[in-house]
Amino acid sequence: MVSPATLTKPATLTKPAAIAAPSTPARLLASLHAAILDWYAVAARPLPWRDPDTTAWGVFVSEVMAQQTPVARVEPVWREWLQRWPTPAHLAAAAPGEAVRAWGRLGYPRRALRLHEAAQVITERHGGQVPAEPEELRALPGVGEYTAAAVACFAFGVAVPVVDTNVRRVLVRLLDGAEYAAPSLTRAERDLAAAALPRDAGDAAVWNVAVMELGALICTARSPRCGECPVQDSCRWLGAGRPAYQGPARRGQAWEGTDRQARGALLQVLRDAPGAVDEAQLAQAWPSEAQRQRCLDALVSEGLVEPLANARFALPGTQLE
DNA sequence: TACTCGTGGGC
DNA sequence: TGCCCAAGAGT
């Protein structure tokens, strides 16, 4: 394989690399592979979607649910979904509002809607089978670069780099010596992840999930357990004395009084009601009228809420007679 | 690119 | 205790 560092581009298109991709010697890379794969073999959590019997659909659902949501919270909801909708066709046949309701409190409920849309596309255009190629997966609603790679790799064994927030943090600490990765995924990080991928396809699939697991359990964002890390002796960040992050300041997510809080309150009312709700019930959940109207309009236009007659509302396709 | 989009647990 | 952040995607 050609080292990314040897690829040449016109100077005008070359951006400064957030990560100075070190041309990691093959010998060091091999020892990192062995240490992390060995660690994963004994430390991996028994997540149900890692079971060899789990279908590609099960993997797909788990990856969408885990977007920005801790996996510990995903597990019980995932079990309910797979029992209720064991194939894409089962979900596609359900009302979209039922997907939103069954999403529960995982957050970002538009993911439930997109998962429902993806199930319809898979059913109608892919013969009910989750596609195996990253490019086909990427075309499905709610599937971005990460999820496409994750499903291709974990469900079908396709040897592509899988780069999530855990992988980014592990690689930047281990190989670049920084505490945190840049705010957004850079070209240099993609190159680094590709260069770090084991050549053996079988090892590559396990490597991806193993690095993710290392980031989730050991190389955590807040309080990394460096003393338990299988590659602590090779870590540039630890070796440098764990220097503090020097990049652009991360802005916190405002919450109190935001539209996100309002939308969450409104949708909770609709999730918890068996059928339609009226204006008064929504007003009780969010008294500010202007903001309530704005958020309700947005929820309707996004397809998360269905307006009914007489100023009543319901989850889409779920209103009772 | 920068911003929006939920929710809850750990430190 | 409040703040940070979690297997990102869409615009």
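Residue numbers start from 1 in every chain, and the chains themselves are labelled A, B, ... in the order their sequence lines are given, proteins ahead of strands. Quick note: numbers below take in every heavy atom, side chains included, and nothing from hydrogens, waters or symmetry partners. All figures in this text were calculated on a predicted structure; none of them were measured in a lab.
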### Query
For Gln67(A) and Thr147(A), what are the C-alpha separation, side-chain angles and deciding distance, and is it a side-chain hydrogen bond (donor to acceptor under 3.5 Å, both in side chains)?
CA-CA 8 Å; Gln67(A) 292 167 0; Thr147(A) 302; 2.9 Å; yes

#### Entry: Integer angstrom distance from the P of dG6(B) to that of dT11(C)
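Straight-line distance between the two P atoms is 14 Å.
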
### Whole-Å P distance, dA7(C) and dC11(B)
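Pairwise P distance, dA7(C) against dC11(B), rounds to 14 Å.
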
### Task
Quick one: closest heavy-atom pair of Tyr245(A) and Pro183(A), and the distance?
OH-CD, 4.1 Å

### Task
For residues Val300(A) and Pro307(A), report the shortest heavy-atom separation together with the two atoms involved.
CG1-CD, 3.7 Å

#### Entry: Beyond-backbone contact of Val74(A) with Leu47(A), side-chain heavy atoms, under 4.5 angstrom
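Of all side-chain heavy-atom pairs linking Leu47(A) with Val74(A), none is under 4.5 Å.
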
Examine the side chains of [X] and [Y] and answer whether a donor and an acceptor come within less than 3.5 Å of each other.
{"X": "Arg169(A)", "Y": "Thr220(A)", "answer": "no"}
{"X": "Arg114(A)", "Y": "Tyr108(A)", "answer": "no"}
{"X": "Trp237(A)", "Y": "Glu179(A)", "answer": "no"}

What does [X] touch in the nucleic acid at a heavy-atom separation under 4.0 angstrom: a base, only the sugar-phosphate, or nothing?
{"X": "Ser184(A)", "result": "nothing"}
{"X": "Leu106(A)", "result": "base"}
{"X": "Pro109(A)", "result": "sugar-phosphate"}
{"X": "Gly144(A)", "result": "sugar-phosphate"}
{"X": "Leu47(A)", "result": "base"}
{"X": "Thr165(A)", "result": "sugar-phosphate"}
{"X": "Trp49(A)", "result": "base"}

### Ring-ring centroid check Trp85(A) Trp57(A), cutoff 6.0 Å
no

### Query
Listed in order of residue number, which residues of residues 56-69 of chain A have a non-hydrogen atom at under 4.0 Å from DNA chain B?
Gln68(A), Thr69(A)

### Query
Contacts to DNA chain B from residues 216-226 of chain A, heavy-atom cutoff under 4.0 Å, which residues?
Arg222(A), Ser223(A), Arg225(A)

Ignoring the backbone of [X], work out which of [options] is nearest its side chain.
{"X": "Arg271(A)", "options": "dA9(C), dT7(B), dC5(B)", "result": "dT7(B)"}
{"X": "Arg138(A)", "options": "dA9(C), dG10(C), dC5(B)", "result": "dG10(C)"}
{"X": "Gln253(A)", "options": "dA7(C), dG6(B), dG10(C)", "result": "dG6(B)"}

### Query
Got a donor-acceptor contact below 3.5 angstrom from the Glu63(A) side chain to the Val151(A) backbone?
no

### Task
Rounded to the nearest 0.5 Å, what's the gap from CE on Met212(A) to CG on Asn166(A)? Could you check?
6.0 Å

### Task
Answer yes or no: side-chain N or O of Arg250(A) and base N or O of dA6(C) forming a donor-acceptor pair under 3.5 Å.
no

### Query
Distance check: side-chain N/O of Arg263(A) vs OP1/OP2 of dG6(B), anything under 4.0 Å?
yes

### Side-chain N or O of Arg110(A) closer than 4.0 Å to phosphate OP1/OP2 of dG8(C)
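Negative; the distance criterion is not met.
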
### Task
Let me know, please, whether Arg260(A) or Glu145(A) comes out on the 5' side of the other along DNA chain C by nearest nucleotide.
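This one resolves to Arg260(A).
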
### Message
I want to confirm an ordering. Mapping Glu213(A) and Leu140(A) to their closest nucleotides on DNA chain C, which one lands closer to the 5' end?
### Response
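Mapping each residue to its closest nucleotide by heavy atoms, the 5'-most match is Glu213(A).
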
### Task
Mind running a 4.0 Å heavy-atom check of residues 292-301 of chain A against DNA chain C and sending the residues that fall below it, in number order?
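Heavy-atom contacts with DNA chain C come from no residue of residues 292-301 of chain A; none.
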
### Nucleotide dG8(B), atom P - distance to OH of Tyr108(A) in whole Å
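Going from OH in Tyr108(A) over to P in dG8(B) covers 13 Å.
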
### Query
Given the rule in the side-chain hydrogen bond (donor to acceptor under 3.5 Å, both in side chains) test, do Arg105(A) and Gln268(A) qualify, once you have shown the distances and angles that lead to the verdict?
CA-CA 8 Å; Arg105(A) 303 186 66 81; Gln268(A) 184 179 356; 3.2 Å; yes

### Query
Under a 4.0 Å N-O cut-off, is there an ion pair linking Asp191(A) with Arg187(A)?
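Yes.
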
#### Entry: Salt-bridge criterion met for Glu279(A) and Arg312(A) (N-O under 4.0 Å)
no

